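Right, one structure below, let's go through it.
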Amino acid sequence: MPFKNPIIPGFHPDPSICRVGDDYYLVTSSFEYFPGIPIHHSKDLVNWRLIGHCLTRDSQLDVNRSDFNSGLYAPALRYHDGLFYMVCTNVSRRPQRAHFYVTATDPAGPWSDPVWIEGECFDPDLFWDDDGRCYFLHMDHIQGGIYMQEIDLPSGELLGEERQVWAGFEDPACEGPHLFKINGWYYLFCAEGGTGRGHMSCVSRSRELCGPYEGHPDNPIVSHRCAVFDYVKNVGHCDVVQAQDGRWWVVTLGVRTHGEHHVMGRETFLSPMEWNDEGWPVIPGKRMLHECELTPLPEHPWPAKPERDDFDSDQLDLEFVFRRNPHREDYSLTARPGYLRIIPSSSGLNGMKTGRVKSVNMVCRRQEQFRFEAKCLMEFTGGNHDEEAGLTVFMNDHYHYSVCIRYMAKAARILVHKEVGDISINVANKAAPASPVTLVIRGDEDAYHLGYELDGEFVTLASGMTKCLASEFTGGFAGVMIGIYATNNGKPNYTPADFDWFEYRNL
């Protein structure tokens with residue numbers, strides 16, 4: 001059967017993949033969100049399930065001060081001698097050591113504390129040569145090109161001379177290096193052209209580890225930079241894997257657009273990869289198709305995830321993440337069993353914009369399709385002025401829409417708020433329905449519609465254009481998240497918001 005891209009929808013950029021036996025594992029960037037680096041598992045390269053995160057402890061990950069362009073960049077996942085390695089860069093730590101790796105025997109975790117590595121820039125990778133020596137690769141946007149140096153893994157100490165092994169195809173700011181030895185050749189896969197419309201992946205190779213590397217005569221091997229009318233754009237940053245049947249496959253990032261904008265961030269795409277007579281890798285048509293006719297492996301689907309989370313467990317579902325490190329005392333699944341309780345934070349959804357360092361107290365998950373419906377049943381009966389809790393579609397502190405209950409002069413009001421750059425405005429404000437209230441956001445290609453349910457019917461209070469939350473408009477590297485939150489907007493009031501359930505449905 002054919003399969004459809006993306007294979008992992010929603011904000012899942014910079015995919016890195018490895019195979020162990022009949023199992024495939026894949027990690028993606030997570031930037032300022034916590035826990036960090038989601039890891040997915042598949043048996044057939046098409047059906048994936050989230051099994052955990054590589055960085056789940058504060059001792060592993062500090063993104064407390066990360067803005068929407070920082071945090072964790074471009075991980076690489078590798079397996080060597082019975083151990084999984086995930087190497088990454090936390091750019092929020094600079095000028096301290098920012099490169100690190102963690103290890104695990106089970107990819108679902110737990111993962112070790114980081115081993116920190118000296119060096120500038122980002123997009124690291126690890127490569128083991130035939131003699132067992134390990135090498136650390138990274139891009140360098142200051143000097144340009146891809147650099148490599150031997151590494152002592154137990155200590156993270158870099159050994160010997162650092163060498164530039166590739167200066168780029170068209171762009172010295174090449175990034176995302178992944179190195180493989182295949183049939184006596186060292187193949188270096190890199191991304192170029194930024195992460196927008198000019199994005200692409202290129203290949204070079206050498207008979208010697210340290211080069212010189214010659215470029216593929218038909219670089220780039222994949223790019224949609226000339227595909228003006230294509231639904232899929234911004235394709236690049238690839239990693240490759242050989243299936244157990246001998247065939248090769250490539251995963252890349254890409255975006256699905258409506259018109260000229262995308263809101264779901266960069267997602268993970270899959271394509272077959274072939275080899276030509278000269279031993280160069282070839283991606284058919286240099287394209288990542290929305291629908292691909294070639295079946296990777298016998299289908300192995302996973303049980304469908306429930307659309308509704310009733311918060312009956314004492315642990316949040318793996319889909320949920322926090323923006324920056326959470327203050328765990330502000331969240332509880334046990335204070336009122338069957339509910340997620342969120343204590344209001346002093347910062348609102350625009351916290352970093354207004355200069356407050358602390359993040360809003362919010363639990364969120366990725367938007368996966370243009371057409372969706374998100375709902376939550378919330379009890380919030382505070383009564384203190386400016387206390388607020390609700391449901392949001394959130395790109396960053398400067399760009400988001402929300403529908404919420406806010407107390408104003410001790411009266412409960414239901415509001416729809418828009419934060420779009422330097423515009424901050426309530427576009428709906430009316431007496432709130434009786435608590436508990438079901439808040440609703442419906443999305444389509446053109447707009448988000450925000451409101452609530454009354455007698456089972458959706459009451460739309462206001463709508464907001466999707467393109468105002470699109471990366472082309474907002475900047476940044478993430479995608480829209482859908483979250484439930486609570487804030488006192490800087491007032492000394494801490495009435496909790498209790499969420500009975502949260503539901504997300506693809507439409």
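Keep in mind that this is a model prediction, so the values were computed, not measured.
Using a 4.0 Å cut-off between a side-chain N of Lys or Arg and a carboxylate O of Asp or Glu, Lys467 and Asp446 do not qualify as a salt bridge. The existence of a salt bridge linking Asp62 and Arg57 is excluded, since no basic side-chain nitrogen approaches an acidic carboxylate oxygen closer than 4.0 Å. Between Arg365 and Asp317 there is no salt bridge, since no side-chain nitrogen of the basic residue lies less than 4.0 Å from a carboxylate oxygen of the acidic one.
At a cut-off of 3.5 Å, with distance as the only test, a side-chain donor of His449 or Asp444 sits close to an acceptor on the other residue. Counting only N and O atoms by type, the side chains of Arg266 and Asn234 include no donor and acceptor under 3.5 Å apart. Side-chain polar atoms of His237 and Glu175 form no donor-acceptor pair below 3.5 angstrom. Side-chain contact annotation: Asn488 with Asn493, donor-acceptor N/O pair under 3.5 Å absent.
More than 12 heavy atoms of other residues, nucleotides or ligands shown are found within 6.0 angstrom of CD on Gln149.
Remark: Ala486 engages Ile342, Pro344, Ala389, Ala497 in a side chain to side chain contact (heavy atoms under 4.5 Å, CB included) (not counting sequence neighbours). Legend: residues meeting side chain to side chain contact (heavy atoms under 4.5 Å, CB included) with Asn47, ordered by chain and number and at least two apart, are Asp44, Glu299, Pro301, Trp302.
Under the 4.5 Å side-chain criterion, counting only non-hydrogen atoms from C-beta, Lys375 is not in contact with Tyr504.
The six-membered or imidazole ring of Phe502 lies near that of Phe320, with a centre-to-centre distance under 6.0 Å.
In this structure, Arg93 satisfies the cation-pi test against Trp116, with its NZ or CZ atom closer than 6.0 Å to the six-membered ring centre and inside 45 degrees of the ring normal.
Under the salt bridge (charged side-chain N to carboxylate O under 4.0 Å, His left out) criterion, no residue pair touches residues 473-488, with sequence neighbours excluded.
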